[in-house]
A.B. asks: 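Sending over a structure as structure tokens; questions will come in a sec.
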Amino acid sequence: MGSVLEFQNITKYFPGVKALDNISFKAYGGEVLAFLGENGAGKSTLLKVLNGDYQPNSGKYLLDGEEKHFRSPHEAIEAGISVIYQERQILLELSVAENIYLGRMPANKFGVINTRKANEMAQKIIEDFGLPIQATTKVKDLNVAYQQMVEIMKAYSRENLKVICFDEPTASLSDAEIDVLFQIIEKLKAEGKIILYVSHRMNEIQRITDKVAIFKDGCYIDTFATKETEEQTLVRKMVGRDLGDVYSSLDRDKEIGDVLLEVKNVSSDYVKPVSFTLRKGEVLGFSGLVGAGRTEVMRAILGADPMRSGEVYLEGKKIVNHSPKQAMENGIVMVPEDRKLQGLISNLSVSGNINISLLGQNSNKLGIISSKKEKERAVEGIRDFNIKTPSPDKKILELSGGNQQKCIVARWIATHPKVLILDEPTKGIDVGAKSEFYQMICNFAKQGLGVILISSELPEVIGLSDRIIVMRNLRVSGEVSHEDATEEKLLSLGMLGEEADE
């Protein structure tokens, strides 16, 4: 029989927030147990208590009947517990092998590190994973997906591994890489490891997990057998209501006006010439496979990447954006896909993140920032976007992913844009919070904004968009109306396209 992990009456407080409320349940070796709940339900907090990042205010946890109290992640790792977080925790300047064996590189009796042996050991793991990378490659030279796999291999390499926890592990992985990850999870499961899996992707939970533990508002609700429980039942237990068809229930009563944005043959070093129009009050979807060029064309429009050709017109007037700041001043803003690296100012508060683009508006003629104005704008953003935080002064990284995303949206809406670009806006956000974001997007369009929605979730882009542009091979391969859009049609255009290959 495999190991047993037991949580007993775990409670964790933060100032103004009860993050975990008397959590008690068991996880067993040889099973994959999903943690399912809305953002802020307590899933990631419990993982951080388990691995020593946080200390519980009360309660305890036992591994194979032995009570544990880890004061740091290092102590947890030494006891056989590893957590793979959404945020990458690797050293980019080191090689793959050096990252995998960091702190435990093989050495001879004189303490001299045997790099060759480390490379050989790492390459064996890489081959087990079926990855086309080398142990000697620097991690900074790998794409995000492979960097994530290095973290997983690092945990996998530990001989004493008893518990491995995955916190949204597939967010940066392709379907093929997800298949590899799931093969490794199945191997770990067969070896009797305890596997905790946090994800908002219901299809993944149905595919890889044996049981689902439901969390709501910091409380543990119950555990269900995945195969014996309907997906809608799990969602209802998680959010406390039946979401039904989130798209049909949206208030989309609006008028689509004149052309607001016109993009003519815009290209950069990263995308071929692209043309499209966006109207006032319209949600224009951008669909396509990863790497199709959707984000790249937006970066060219914003001035984040230099335009090599083309023209951009806003309300009939030609504009040139040499930087995202200039694009903001012209009325075009973008909520990026990677909120951790590109969206958040991690060392600032909620207020600081909302106000970072409003320094000019919050300052007097001498450039002195008014703290009163900043507080007023922060309170307004928190209210308008229903951001769950005890205070505007709360550190942004202490909020759930969904509330962090709301802060970024609040920041850009406060600049009164004409065009709002949303790049994978619901990535890593639970199904309950997604419905709130969907209505928010519809409301922006009703207010007359032109909204560009980049999404890899086909039901999402179909359900929200008035028109959909499909990209393939760094250029537009087709356009589909809301009425004619189907998953099959979008996939066909994204994989086969209508343009001739060069």
A.B. asks: Before giving the answer on side chain to side chain contact (heavy atoms under 4.5 Å, CB included), spell out for Ile301 and Val263 the whole-Å C-alpha distance, their side-chain angles and the decisive distance to 0.1 Å.
C.D. replies: CA-CA 8 Å; Ile301 293 168; Val263 174; 3.7 Å; yes

A.B. asks: Can you tell whether the side chains of Arg299 and Asp423 come within less than 4.0 Å, N to carboxylate O?
C.D. replies: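 No, no charged N to carboxylate O under 4.0 Å.
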
A.B. asks: Output the distance between atom CE (Met328) and atom OG (Ser323), rounded to the nearest 0.5 Å.
C.D. replies: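 Answer for the CE-OG pair, Met328 versus Ser323, is 8.5 Å.
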
A.B. asks: Working note: Met105 + Lys117, criterion side chain to side chain contact (heavy atoms under 4.5 Å, CB included); need CA distance, chi angles, decisive distance, verdict.
C.D. replies: CA-CA 9 Å; Met105 289 283 283; Lys117 184 176 181 181; over 6 Å; no

A.B. asks: Any chance the side chains of Thr426 and Glu460 put a donor and an acceptor closer than 3.5 Å?
C.D. replies: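 On atom types as modelled, these side chains qualify, holding a pair under 3.5 Å.
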
A.B. asks: Report yes or no: does Glu191 contribute a side-chain atom to a donor-acceptor pair with the main-chain N or O of Leu188 at less than 3.5 Å?
C.D. replies: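 No, because the side chain of Glu191 does not come within donor-acceptor range (under 3.5 Å) of the backbone of Leu188.
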
A.B. asks: List the steps, then state whether salt bridge (Lys or Arg N to Asp or Glu O under 4.0 Å) holds for Glu337 with Arg294.
C.D. replies: CA-CA 11 Å; Glu337 176 183 3; Arg294 300 167 301 170; over 6 Å; no

A.B. asks: Between Lys406 and Glu436, is a salt bridge (Lys or Arg N to Asp or Glu O under 4.0 Å) present by the stated rule, with each step listed?
C.D. replies: CA-CA 10 Å; Lys406 288 180 182 179; Glu436 191 175 358; 3.0 Å; yes

A.B. asks: Taking side chain as C-beta onward, heavy atoms only, is Ile185 less than 4.5 Å from Val32?
C.D. replies: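 They are in contact (side-chain heavy atoms under 4.5 Å apart), so the answer is yes.
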
A.B. asks: With distance as the sole test, does Asn403 use its side chain to make a donor-acceptor pair with the main-chain N or O of Ile387 at under 3.5 Å?
C.D. replies: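 Pair absent, no side-chain N/O of Asn403 close to backbone of Ile387.
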
A.B. asks: Locate the shortest heavy-atom distance separating Gln206 from Thr229; write the atom from each residue and the value.
C.D. replies: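 It is NE2-O, 4.1 Å.
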
A.B. asks: Could you check whether any side-chain N or O of Glu282 sits under 3.5 Å from a backbone N or O of Ile256, counting only pairs where one atom can act as donor and the other as acceptor?
C.D. replies: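 No, because the side chain of Glu282 does not come within donor-acceptor range (under 3.5 Å) of the backbone of Ile256.
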
A.B. asks: Decide side chain to side chain donor-acceptor pair (under 3.5 Å) for Glu262 and Thr277; before the verdict, give the C-alpha distance in whole Å, the side-chain angles of both, and the deciding distance to 0.1 Å.
C.D. replies: CA-CA 5 Å; Glu262 186 174 8; Thr277 59; over 6 Å; no

A.B. asks: Taking atom types as modelled and ignoring hydrogens, do the side chains of Glu296 and Ser268 form a donor-acceptor contact shorter than 3.5 angstrom?
C.D. replies: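 Distance-only check fails for Glu296 and Ser268.
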
A.B. asks: Is there a donor-acceptor pair closer than 3.5 Å between any side-chain N or O of Ser477 and the backbone N or O of Val470?
C.D. replies: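 Yes, the answer is positive, given that a donor and an acceptor are paired below the 3.5 Å cut-off.
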
A.B. asks: Decide yes or no for Glu479 and Ile468: does some side-chain heavy atom of the first lie under 4.5 Å from some side-chain heavy atom of the second?
C.D. replies: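 A side-chain contact is absent here, since even the closest heavy-atom pair is not under 4.5 Å.
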
A.B. asks: Given salt bridge (Lys or Arg N to Asp or Glu O under 4.0 Å), test Arg207 with Asp179 step by step and report yes or no.
C.D. replies: CA-CA 11 Å; Arg207 177 180 167 190; Asp179 289 341; 2.5 Å; yes

A.B. asks: In terms of relative ring orientation, are Phe444 and Phe385 parallel, tilted or perpendicular, with 30° and 60° separating the classes?
C.D. replies: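 If you compare the ring of Phe444 with that of Phe385, the planes turn out tilted.
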
A.B. asks: Are more than 12 heavy atoms, taken from residues, nucleotides or ligands other than Arg104, located less than 6.0 Å from that residue's CZ atom?
C.D. replies: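 Counting neighbours around CZ of Arg104, more than 12 heavy atoms of other residues, nucleotides or ligands fall under 6.0 Å, so yes.
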
A.B. asks: Step by step, work out the salt bridge (Lys or Arg N to Asp or Glu O under 4.0 Å) result for Lys280 and Glu315.
C.D. replies: CA-CA 10 Å; Lys280 293 180 181 179; Glu315 295 181 314; 3.6 Å; yes

A.B. asks: Report yes if the side chains of Asp141 and Leu92 come closer than 4.5 Å at any heavy-atom pair, otherwise no.
C.D. replies: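 SC-SC contact between Asp141 and Leu92 ruled out.
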
A.B. asks: Mind checking whether Val96 and Thr136 have side chains closer than 4.5 Å, heavy atoms only?
C.D. replies: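 When only atoms from C-beta onward are counted, Thr136 and Val96 do not touch, as no gap falls below 4.5 Å.
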
A.B. asks: For Lys318, what residues pass the salt bridge (charged side-chain N to carboxylate O under 4.0 Å, His left out) criterion, not counting sequence neighbours?
C.D. replies: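 Residues passing salt bridge (charged side-chain N to carboxylate O under 4.0 Å, His left out) with Lys318: Glu311.
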
A.B. asks: Would one find more than 12 heavy atoms of other residues, nucleotides or ligands at under 6.0 Å from atom CG of Asp253?
C.D. replies: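 Open.
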
A.B. asks: Would you compute the distance between atom CE of Met471 and atom NZ of Lys272 and round it to the nearest 0.5 angstrom?
C.D. replies: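 Met471 CE to Lys272 NZ: 10.0 Å, rounded to 0.5 Å.
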
A.B. asks: What verdict does the side chain to side chain contact (heavy atoms under 4.5 Å, CB included) test give for Leu493 and Val480, after you've listed the backbone C-alpha separation in whole Å, the side-chain angles of each residue and the deciding distance to 0.1 Å?
C.D. replies: CA-CA 10 Å; Leu493 286 170; Val480 184; 3.5 Å; yes

A.B. asks: Quick check: closest heavy atoms across Leu161 and Ala155, and the distance to 0.1 Å?
C.D. replies: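 Scanning both residues, the minimum pair turns out to be CD2-O, 3.7 Å.
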
A.B. asks: Angle class for the Tyr197/Phe166 ring planes (parallel below 30°, perpendicular above 60°, tilted otherwise)?
C.D. replies: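 Aromatic pair Tyr197/Phe166 classed tilted.
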
A.B. asks: Any non-hydrogen side-chain atom of Leu36 less than 4.5 Å from a side-chain atom of Leu234?
C.D. replies: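 With C-beta onward as the side chain, the pair touches.
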
A.B. asks: If you take all heavy atoms of Ser275 and Val476, which pair is closest and at what distance?
C.D. replies: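 Closest heavy-atom pair between Ser275 and Val476: O-CG2, 4.3 Å.
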
A.B. asks: Any side-chain heavy-atom pair from Ser456 and Glu424 closer than 4.5 angstrom?
C.D. replies: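 Answer yes - side chains close enough.
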
A.B. asks: Any salt bridge between Lys187 and Asp128, counting N to O under 4.0 Å?
C.D. replies: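 Salt bridge: no.
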
A.B. asks: Whether the side chain of Ser465 engages the backbone of Ile462 through a donor-acceptor N/O pair (distance < 3.5 Å, no angle test) should be reported.
C.D. replies: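 No; zero donor-acceptor contacts below 3.5 Å.
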
A.B. asks: Specify the closest pair of heavy atoms between Val274 and Val271, including all atoms of both residues, with the distance to one decimal.
C.D. replies: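 Of all heavy-atom pairs spanning Val274 and Val271, the closest is CG2-CG2, 4.0 Å.
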
A.B. asks: Taking atom NZ of Lys325 as the centre, does the number of heavy atoms from other residues, nucleotides or ligands within less than 6.0 Å exceed 12?
C.D. replies: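 Atom NZ in Lys325 is not crowded, with 12 or fewer foreign heavy atoms closer than 6.0 Å.
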
A.B. asks: Quick one: salt bridge (charged side-chain N to carboxylate O under 4.0 Å, His left out) partners of Glu255, sequence neighbours excluded?
C.D. replies: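 For Glu255 there are no salt bridge (charged side-chain N to carboxylate O under 4.0 Å, His left out) partners, ignoring immediate neighbours.
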
A.B. asks: Let me confirm one number: the NZ-CG distance from Lys140 to Leu91, rounded to the nearest 0.5 Å.
C.D. replies: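 One finds 12.5 Å between NZ of Lys140 and CG of Leu91.
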
A.B. asks: Does NZ in Lys227 sit with more than 12 non-hydrogen atoms of other residues, nucleotides or ligands closer than 6.0 Å?
C.D. replies: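 Counting neighbours around NZ of Lys227, more than 12 heavy atoms of other residues, nucleotides or ligands fall under 6.0 Å, so yes.
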
A.B. asks: Do the side chains of Met298 and Phe286 get nearer than 4.5 Å, heavy atoms only?
C.D. replies: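 With C-beta onward as the side chain, the pair touches.
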
A.B. asks: Would you compute the distance between atom CD1 of Ile152 and atom OG of Ser157 and round it to the nearest 0.5 angstrom?
C.D. replies: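 Rounded to the nearest 0.5 Å, the CD1-OG separation comes out at 12.5 Å.
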
A.B. asks: Are Val266 and Ser309 packed together at the side-chain level, in the sense that at least one heavy-atom pair is separated by less than 4.5 angstrom?
C.D. replies: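 Contact flag for Val266/Ser309 side chains = no.
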
A.B. asks: Anything under 30° is parallel, anything over 60° is perpendicular, the rest tilted; go ahead and classify Phe35 against Phe215.
C.D. replies: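 The rings of Phe35 and Phe215 sit tilted, inter-plane angle from 30° to 60°.
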
A.B. asks: Closer than 4.0 angstrom, basic N to acidic O: yes or no for Lys48 and Asp53?
C.D. replies: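 A salt bridge is absent here (no side-chain N lies under 4.0 Å from a carboxylate O).
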
A.B. asks: I'd like to know whether Gln439 forms a side chain to side chain donor-acceptor pair (under 3.5 Å) with Asp251, so could you lay out the CA-CA distance, the side-chain angles of the two residues, the decisive distance to 0.1 Å, and finally the verdict.
C.D. replies: CA-CA 7 Å; Gln439 187 57 61; Asp251 178 9; 4.9 Å; no

A.B. asks: Does the pair Leu302 and Ile332 meet the rule for a side chain to side chain contact (heavy atoms under 4.5 Å, CB included), with working shown?
C.D. replies: CA-CA 7 Å; Leu302 284 168; Ile332 305 176; 3.9 Å; yes

A.B. asks: So, taking the atom named CG in Asn321 and the one named CG in Asn330, what distance separates them when rounded to the nearest 0.5 Å?
C.D. replies: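 Output value for this atom pair is 5.0 Å.
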
A.B. asks: Salt bridge or not between Lys43 and Asp167? Use side-chain N to carboxylate O under 4.0 Å.
C.D. replies: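 Salt bridge: no.
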
A.B. asks: Does Glu120 offer a backbone N or O that forms a donor-acceptor pair with the side chain of Gln123 under 3.5 Å?
C.D. replies: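 Here the side-chain-to-backbone pair does not exist.
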
A.B. asks: Measuring from Ile164:CD1 to Lys189:NZ, what's the distance to the nearest 0.5 Å?
C.D. replies: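 Those atoms lie 15.0 Å apart.
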
A.B. asks: Answer yes or no: does atom CG of Asp269 have more than 12 heavy-atom neighbours from other residues, nucleotides or ligands under 6.0 Å?
C.D. replies: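 Result for CG/Asp269: enclosed.
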
A.B. asks: Which residues pass the salt bridge (charged side-chain N to carboxylate O under 4.0 Å, His left out) test with Lys154, sequence neighbours left out?
C.D. replies: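 By the salt bridge (charged side-chain N to carboxylate O under 4.0 Å, His left out) rule, Lys154 matches no residue at all.
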
